[in-house]
Amino acid sequence: MKERTRVAEVEPGQTVTVAGWVHEIRDLGGIAFVIVRERTGRLQVTVPEDDLPASVTDVVSELSRESVIQVTGVVREEGRAPGGVEVFPESIEVIAPAAPQLPLDPSEKVDAELPTRLNNRTLDLRKPDVQAIFEIRSTVLAAVRDSFRRQGCVEITTPKIVATGTEGGTELFPISYFGREAFMNQSPQLFKQLIAGSNLESVFEIGPIFRAEEHNTPRHLNEATSIDFEGAYCDASDAMSVLEQVIIDAHEAVIDEASDALSTLGLEDSFMVPAGGFERLTYDEAIDQVNATGALDEPLVWGDDLSTEAERALGEAVGSHYFITHWPSEIKPFYIKDTDEDETISTGFDLMHPRMELSSGGQREHRHDRLIEGFEQQGLDPDAFEYYTKMFKYGMPPHAGFGLGGERLIMTMLELDNIREAVLFPRDRQRLSP
Ligand code: ATP
Ligand code: MG
């Protein structure tokens with residue numbers, strides 16, 4: 001194809017060739033305006049019918065919205081046009097026509113329903129506000145990667161097809177692996193621990209996790225992006241500090257690198273980098289605070305997990321990111337280490353956004369005998385995890401880490417109502433295609 005000028009770079013006086021989608025066609029009789037849209041912006045093509053050859057005006061009269069066209073012409077200043085310029089075409093070529101009936105109109109002022117949008121994601125992503133979400137998602141993932149690398153971590157990738165799940169149980173999607181039963185992995189937990197026990201020491205992974213949870217909520221997916229960290233010679237407090245830095249770096253990158261996308265979403269004034277030093281509430285303090293709000297019909301008692309309502313009540317009371325530490329051991333997984341002082345209390349922590357949980361982490365049980373006991377206490381068969389437990393016999397240092405939900409991070413950063421808005425092709429109970 002001919003070299004194209006990006007719409008954002010068009011200057012008066014130039015002869016340019018631009019390519020993009022037909023966003024809008026306005027035929028005022030005698031003069032027509034075609035708005036061409038591409039990633040960097042919109043450009044008005046002005047077509048005075050009497051002054052232009054039929055080769056141009058005929059194309060315009062047949063144009064359908066969302067067709068891809070290539071326009072060559074002279075740029076002039078025009079205060080009333082988007083971007084303050086317009087193009088008088090010498091030629092207009094239809095590169096890919098669009099059918100006249102669109103399942104979703106990207107120039108539509110009223111939003112289509114989410115299922116319609118997800119079924120027609122290509123068209124949906126031609127809307128600037130949807131495009132902005134995914135530009136910011138890209139910025140966030142890159143910033144998270146940089147943050148980990150600056151904090152001395154090595155990026156790893158671990159298998160998603162596994163013989164046993166991280167925590168066993170009903171949350172696994174079974175698959176057939178050359179006639180053997182296998183599963184889609186629900187978390188890189190066990191693998192990242194195995195690697196934290198190697199000379200790499202501090203590792204991170206950004207990758208998919210699969211959970212066969214039958215929820216239908218605005219914050220659960222069946223395939224999500226997990227941002228995982230595991231560090232040798234770290235305790236829970238160290239892991240919390242790494243996590244806090246990742247969250248701050250992700251926010252700063254959005255301000256530095258994606259401010260236009262933030263404005264497109266109308267968030268330029270409300271978006272703020274969270275102040276460091278996130279509050280660290282113990283589980284006991286957290287349940288007391290929830291009960292003090294009076295928001296629950298039944299007060300929480302020690303040992304309860306925080307319900308969605310409890311998380312919301314506490315989030316409103318705290319008002320910013322915070323950690324909950326010192327959870328009861330019985331509601332944390334077997335690989336979380338108990339505190340040295342009290343074996344009913346774990347080193348597990350959750351990072352909370354006022355709206356929801358973002359991350360769970362903790363120091364891990366690195367002592368082989370205690371690990372095996374933990375399996376047994378949770379009714380899991382340690383033999384099924386022998387590939388994992390045996391490495392704890394050969395010098396496994398103390399280590400800690402966390403798993404942070406990528407889509408939950410983006411959803412809370414951008415005040416999205418539904419987690420599905422933060423994924424191109426979400427997987428939920430109903431949705432398997434596209
Ligand atoms: P929740 O209680 O909110 O369902 P969880 O405690 O089961 O989450 P973890 O196993 O702790 O989740 O996973 C770590 C992080 O991964 C969570 O804090 C969350 O951000 C993200 N995550 C877990 N499950 C999902 C899911 N189904 N959809 C989207 N994100 C998820
Ligand atoms: Mg959790």
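Numbering of ligands and ligand atoms starts at 1, following listing order.
For Asn199, the CG atom counts as loosely surrounded, since its 6.0 Å shell holds 12 or fewer non-hydrogen atoms of other residues, nucleotides or ligands. For Arg150, the CZ atom is densely surrounded, since the number of other residues' heavy atoms within 6.0 Å is greater than 12.
Of all the atoms in ligand 1, the ones that sit under 4.0 Å from a non-hydrogen atom of Leu358 are 17 (C), 18 (O), 19 (C), 20 (O). Applying the 4.0 Å criterion to heavy atoms of Glu213 picks out, from ligand 1, the atoms 27 (N). For ligand 1, the atoms lying closer than 4.0 Å to a non-hydrogen atom of Arg219 are 3 (O), 28 (N), 29 (C). Against a heavy-atom cut-off of under 4.0 Å, Gly403 is close to the following atoms of ligand 1: 14 (C), 15 (C).
Side-chain atoms of Arg42 never come within 3.5 Å of backbone atoms of Arg37 as a donor-acceptor pair (strictly under, hydrogens ignored).
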Before you tell me yes or no, could you show the steps for Glu213 and Arg429 under side chain to side chain contact (heavy atoms under 4.5 Å, CB included), namely the whole-Å CA-CA distance, both residues' side-chain angles and the distance that decides it to 0.1 Å? CA-CA 8 Å; Glu213 298 161 341; Arg429 258 177 87 185; over 6 Å; no

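Remark: distances from the non-hydrogen atoms of Ile419 to ligand 1 include one below 4.0 Å.
Checked against a 3.5 angstrom limit, the closest N/O atoms of His220 and ligand 1 fall inside it.
The name of the N, O or S atom in Glu357 nearest to the Mg ion (ligand 2) is OE2.
For Ser359, every N, O or S atom stays at 2.8 Å or more from the Mg ion (ligand 2).
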